[in-house]
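Letters go in sequence order (proteins before strands), and every chain restarts at 1. Computed from a prediction, not measured in an experiment: that's the story for all the values here.
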Protein chains: 2
Amino acid sequence: MHEVEPTIQDSIMAVYDQLPPGERKLADTTLSRLNDLASYSATELAVSAKVSKATAVRFFRRIGYQSFGQVRRQARAEAYLASPLYALAGVNPKERATDALSNHVATDIRNLTETFQHQKAKHFDQAVSLIATAPQVRVIGMRNGHFVAQHAAYLLAQLRNNVASLPGSSMTLAEDLASLNKGDVLLVVDFRRRATLLPTVVNAARGANVNLVFISGPGMSALSRPGDIVLQCLTEGASVFDSYVAAVSIVNYLATSVAKQLGKHSRKRLEVIEALHESLEDLRP
Amino acid sequence: MHEVEPTIQDSIMAVYDQLPPGERKLADTTLSRLNDLASYSATELAVSAKVSKATAVRFFRRIGYQSFGQVRRQARAEAYLASPLYALAGVNPKERATDALSNHVATDIRNLTETFQHQKAKHFDQAVSLIATAPQVRVIGMRNGHFVAQHAAYLLAQLRNNVASLPGSSMTLAEDLASLNKGDVLLVVDFRRRATLLPTVVNAARGANVNLVFISGPGMSALSRPGDIVLQCLTEGASVFDSYVAAVSIVNYLATSVAKQLGKHSRKRLEVIEALHESLEDLRP
DNA sequence: ATCGCCATGAAACTTTAGTTTCATGGCGCA
DNA sequence: TGCGCCATGAAACTAAAGTTTCATGGCGAT
């Protein structure tokens with residue numbers, strides 16, 4: 001019978017929930033680099049986790065290694081074993097991945113890269129400006145698009161006031177729409193399998209001179225008119241379901257860009273929200 | 001127009017046949033380790049090529065780098081880009097990401113690849129089986145995780161009966177939980193900034209012997225216990241916000257796998273739903 | 001309020017990696 | 001043979017990484 005040595009991941013997990021905050025940050029950055037851990041120095045890890053070198057030493061000692069050198073040696077040994085996808089996909093780039101998993105990942109990566117490659121910078125910047133400066137921002141998405149819309153609303157609400165996703169509650173859509181004015185932004189997430197409700201909403205918004213920003217799938221959103229701002233995302237799925245990975249990514253980037261445009265202002269807001277949460281004891285560290 | 005930087009391999013090849021014997025030995029060992037070059041020190045390379053450290057320095061300088069530090073940095077970047085998945089996505093490894101946008105995309109691609117690389121196939125398969133066969137499936141996620149949970153519920157609901165996301169409506173959480181029995185599955189989406197409610201829910205579920213499946217960020221979900229099924233996703237963001245791209249991707253793959261396990265059964269269900277939608281005129285083509 | 005515990009980072013310190021200098025020796029060539 | 005060139009490694013040196021020590025500050029218990 002012989003002991004199976006724990007992997008670095010195992011070692012970290014074993015103590016993860018007893019780690020103090022600083023060391024936990026380090027644990028997270030370490031875990032996120034598990035693949036090529038051996039190519040980082042302890043100092044680099046410490047810097048990127050925003051803790052001191054001393055904390056790094058304590059951390060690696062706590063998870064059971066005498067020195068960082070040991071960690072590096074083991075990391076290198078593990079990297080050698082731990083790349084199933086490498087094996088599956090073949091080292092030769094010309095060999096195509098054949099199994100479902102590699103295929104899935106490859107499809108999503110392609111969705112990401114192509115979506116951003118084809119994005120028009122002009123549209124994107126316009127969308128950012130509008131969202132940053134509009135008196136009110138509303139987000140709507142049905143079915144497949146609903147969760148993307150929710151995500152967008154959640155992120156944007158951390159950056160500015162007057163962000164909400166529609167419909168607020170089940171039967172208030174009409175009221176919600178009525179409160180939109182010229183200069184406001186309606187972010188419409190519009191993918192395949194659209195509900196019939198959506199065109200109605202869009203028309204109402206158009207009537208009120210609301211600025212429309214679309215996040216839509218490949219093939220122009222039938223709801224948009226020339227002149228509207230449209231951010232197109234690839235949604236190709238490797239199998240039965242469409243993939244909304246690119247849409248989620250673009251929402252993140254959109255919110256990030258808005259944050260940058262708002263600058264200090266929104267950073268302040270993020271802090272206020274953080275403080276509120278703290279005092280509400282609503283979150284855990 | 002901008003110069004394409006040569007890869008390390010290019011740099012070596014360019015001067016290979018003018019190299020003196022010692023440096024050539026070093027060139028050979030370097031080339032043979034190109035894929036994880038960054039994890040070796042110059043000293044190690046020198047030792048394994050049986051030349052002195054001084055020769056190593058001369059060699060790396062001759063191929064065009066000021067210091068070994070530069071070599072290491074570039075090696076790391078190349079190793080990362082040389083992954084077969086990048087090749088599949090058609091990304092040109094020689095193009096460097098420098099601006100915010102490229103950085104964003106690169107981060108998300110990294111999140112995807114690493115998330116799937118570190119996934120334990122065993123956990124994943126268990127999750128799929130449980131979800132495919134459980135009498136009831138419930139999904140819960142708060143804050144950052146909420147939209148991911150919604151997406152999961154939406155996809156799974158297309159494949160099988162008795163899928164719902166919690167809380168169904170604002171005040172029914174207790175009732176919802178009470179209706180869970182042994183053998184049911186609770187899919188918990190648990191990311192940073194967790195609401196305090198979540199631990200309560202999880203404990204209740206544990207009390208009822210419900211099977212728990214976690215989708216969580218890097219660093220083990222503090223809610224999970226050894227033995228639980230945990231699917232970990234990287235959530236590293238390129239800027240202010242964490243990225244949930246990998247989580248969305250894994251949800252898609254999870255649902256896809258459930259679909260495959262259910263086979264005809266779920267295909268039938270998809271058709272039924274489609275027919276329902278058609279007759280409700282709820283969708284547009 | 002005071003005490004004690006612990007996490008933490010700054011800075012001193014040690015060790016290791018990387019670089020430079022220099023002496024040696026091989027090799028071609030006059 | 002003697003000269004110059006250059007590759008090379010040993011060793012001195014410098015820079016960077018890793019480790020230790022220590023002072024601070026937060027936090028809970030007394």
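Separating the CG atom of Leu26(A) from the C1' atom of dT8(C) is a distance of 13 Å, rounded to the nearest angstrom. Spacing between atom CD of Gln66(B) and atom P of dT19(C) amounts to 10 Å, rounded to whole angstrom units. Taking atom CZ of residue Phe68(B) and atom C1' of nucleotide dA15(D), one finds them 15 Å apart after rounding to whole Å. The separation between Lys25(A) atom NZ and dA7(C) atom C1' is 12 Å, rounded to whole Å.
For His104(B) and Phe116(A), the gap between ring centers is short of 6.0 Å. Here Phe191(B) and Tyr244(B) bring their ring centres to under 6.0 angstrom of each other.
Listed by residue number, Ser41(A), Ala42(A), Thr43(A) are the residues of residues 38-51 of chain A with a heavy-atom contact under 4.0 Å to DNA chain D. Shown for residues 55-63 of chain B: residues whose heavy atoms fall under 4.0 angstrom of DNA chain D, namely Thr55(B), Arg58(B).
Applying the side-chain contact (heavy atoms from CB on, under 4.5 Å) criterion to Asp28(B), with sequence neighbours excluded, gives Tyr16(B), Arg24(B). The salt bridge (Lys or Arg N to Asp or Glu O under 4.0 Å) search around Arg33(A) returns Glu236(B), not counting sequence neighbours. Scanning for salt bridge (Lys or Arg N to Asp or Glu O under 4.0 Å) contacts around Asp184(B) gives an empty result, with sequence neighbours left out. Take Arg73(A) and apply the salt bridge (Lys or Arg N to Asp or Glu O under 4.0 Å) test, not counting sequence neighbours, and it matches no residue. Taking Thr115(B) as the reference, Gln119(B), Cys233(B), Leu234(B), Ala246(B), Ile250(B) meet the side-chain contact (heavy atoms from CB on, under 4.5 Å) condition, with sequence neighbours excluded.
Comparing atom distances between the Ala54(B) side chain and each of dG9(C), dA10(D), dG18(D) picks out dA10(D) as nearest.
For residues 40-62 of chain B, every residue pair satisfying the salt bridge (Lys or Arg N to Asp or Glu O under 4.0 Å) rule, not counting sequence neighbours, is listed here: Arg76(A)-Glu44(B), Glu23(B)-Arg62(B). Applying the ring pair (Phe, Tyr, Trp, His ring centres under 6.0 Å) test to every pair with at least one member in residues 49-79 of chain B, sequence neighbours left out, gives these pairs: Phe60(B)-Phe68(B). Within the structure, salt bridge (Lys or Arg N to Asp or Glu O under 4.0 Å) pairs that include any residue of residues 196-211 of chain B comprise Arg206(B)-Asp228(B) (at least two apart or interchain).
Defined by atom type and a distance below 3.5 Å, a donor-acceptor pair is missing between the side-chain atoms of Ser32(A) and Thr29(A).
Within the nucleic acid shown, Arg72(A) comes within 4.0 Å of sugar-phosphate atoms alone, with no base atom in reach, counting heavy atoms only.
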Between the protein and nucleotides 12-15 of chain C, list every N/O to N/O distance that falls short of 3.5 Å.
none

Polar-atom pairs under 3.5 Å, protein N or O versus N or O of nucleotides 23-27 of chain D: list them with distances, or write none.
none

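Crowding of Gln126(B) atom CD: a count of heavy atoms from other residues, nucleotides or ligands under 6.0 Å exceeding 12.
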> Can you list the steps and then say if Ser243(B) with Asp108(B) is a side-chain hydrogen bond (donor to acceptor under 3.5 Å, both in side chains)?
Replying inline: CA-CA 7 Å; Ser243(B) 162; Asp108(B) 272 348; 2.6 Å; yes
